[in-house]
Structures are given as structure tokens and as C-alpha cells.
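Worksheet: one structure, shown below.
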Amino acid sequence: MMAIPIPSRQLFIDGNWREPVRKTRIPIINPATEQIIGDIPAATAEDVDIAVEAARKALARNGGREWASASGAHRAKYLRAIAVKITERKSELAKLEALDCGKPLEEAAWDIDDVAACFEYNADLAEALDGKLKAPITLPMETFKCHVLKEPIGIVGL
């Protein structure tokens, strides 16, 4: 189809690229040709445990001021920066997506636009969250005051 180098990938944990604990990898097969075009790391529960521990340490760094208590606007800046980088690399990413999924390049390019749009959408949600913090709730009794407080649940492994 198109000549593009397939990048070699590792897991990104604690600010470093690393092979999975068990050193296993999953082949990437181009469904249009059924040829193996590369591979990706096969993370296991052990890798997730290492990543979760690293994330907990990072979240607590400087008393959590860097991220745990960051405003939605601050988080949105990162999400928007990711969207910009995806858009900048759209041509390359679309070619890789076409190879990975065996789909037409035009459809893969649309998918990359959609990926960037998802980051923008979530940036909008993060910014909107700032305005909703401690939003008052109307109650029928004046003796009570009620607010909705939305807090992050913390570290998750997906």
C-alpha cells in the first residue's frame, strides 16, 4: 500500500519507555494482507501494578499540587496540546491506522481527526468542570444548604 516505517513501541511507565515484565509482545497483522507488520508490548497485571504505583507517586508529588488539585483549565491545556500533536502528525498516523485496520486512507484520516476531537471535547469538559465546582442545589427547606462536589477518584488501571 504505502511505504511507512512501523514504529517499535514499549510501555511508558514512570516517565520511561520499558519492555513489559514478561517481555512478551503481540503481533500487529495488516488485515488487508494478513502480514505481520510489527508488534506491541503485551502488558500484564504485573505491568499495571508497576504503572499504578508510579502514578500514585506522581499524583502525590509536591503534596498533589502538580496534578491532583489542578484546575480543569490546567488539565485542559494538556489535552489540547495532545490534540495539536495528533493533528500535526495526522498524515503519518492515518497511514499507520490504514495499515493497522486494513481500511482506506481517507477513512483512517477521518479517524485521526476524531481522535484529536475527543481530546478537545474532554478539554472542554475539564474547563466546564471548574464552573461546576461546589454548584449549589436548590432544596425546599431553607435550613439546609447543599452543594455538589465532584472529585477525581484517583488512579485507575484500564
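Numbers for residues simply follow the sequence, beginning at 1.
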Exercise. Yes or no on salt bridge (charged side-chain N to carboxylate O under 4.0 Å, His left out) for K85 and E88, after CA distance, side-chain angles and deciding distance?
Worked result: CA-CA 5 Å; K85 290 296 181 188; E88 285 175 1; 3.4 Å; yes
Exercise. Does a side-chain heavy-atom distance below 4.5 Å link R18 with I50?
Worked result: yes
Exercise. For Y121, which residues count as a ring-ring contact (aromatic ring centres under 6.0 Å, His included) partner, sequence neighbours excluded?
Worked result: none
Problem set entry | Closest approach of A83 to A116 (non-hydrogen atoms, all atoms of both residues) | CB-O, 3.6 Å
Exercise. At what distance, to the nearest 0.5 angstrom, does CG of D113 lie from SG of C118?
Worked result: 11.0 Å
Exercise. Counting heavy atoms not belonging to F12, are there more than 12 under 6.0 Å from its CZ?
Worked result: yes
Problem set entry | Side-chain heavy atoms of I26 within contact of D39, under 4.5 Å | no
For this session: Any chance you could measure I28, atom CD1, to I36, atom CD1, to the nearest 0.5 Å?
Result: 10.0 Å
Seminar exercise, completed: Hits for side-chain contact (heavy atoms from CB on, under 4.5 Å) against A43, two or more places apart or cross-chain, chain-then-number order -> L11, D47
Problem set entry | Reported CG-to-CD distance for the pair L79 and E120, which is rounded to 0.5 angstrom | 8.5 Å
Problem set entry | Distance in Å, D14 CG paired with E53 CD, rounded so as to fall on 0.5 Å steps | 9.5 Å
Problem set entry | Nearest heavy-atom neighbours spanning R9 and E19 | O-OE2, 4.5 Å
Exercise. Do F119 and I112 belong together in a cluster built from hydrophobic side chains that touch within less than 4.5 Å?
Worked result: yes
Problem set entry | Smallest separation among heavy atoms of D124 and R80, with atom names | OD1-NH2, 2.8 Å
Seminar exercise, completed: A73 and D130 have their tightest heavy-atom pair at N-OD2, 3.0 Å
Problem set entry | Aromatic W67 / basic R61 pairing, under 6.0 angstrom, 45° off normal | no
Problem set entry | Derivation and outcome, salt bridge (charged side-chain N to carboxylate O under 4.0 Å, His left out), residues K103 and E107 | CA-CA 7 Å; K103 62 171 56 176; E107 185 178 335; 3.6 Å; yes
For this session: Write down the atom of I13, the atom of A51, and the distance for their closest heavy-atom approach.
Result: CG2-CA, 3.7 Å
For this session: To the nearest 0.5 Å, tell me how far I37 CD1 sits from N30 CG.
Result: 5.0 Å
Exercise. Checking D114 side chain against W110 main chain: does a donor-acceptor pair fall under 3.5 Å?
Worked result: no
Exercise. Would you call K77 and E127 a salt bridge, using N to O less than 4.0 angstrom?
Worked result: no
Exercise. Just by distance, do the side chain of R75 and the backbone of A70 share a donor-acceptor pair under 3.5 Å?
Worked result: yes
Problem set entry | Min side-chain heavy-atom separation L96-D100 under 4.5 Å | no
Seminar exercise, completed: In short, R25 meets S8 closest at the heavy-atom pair NH2-OG, 4.3 Å
Exercise. Side chains of N122 and L125: does their closest heavy-atom pair fall under 4.5 Å?
Worked result: yes
Problem set entry | Distance in Å, E97 CD paired with D111 CG, rounded so as to fall on 0.5 Å steps | 5.5 Å
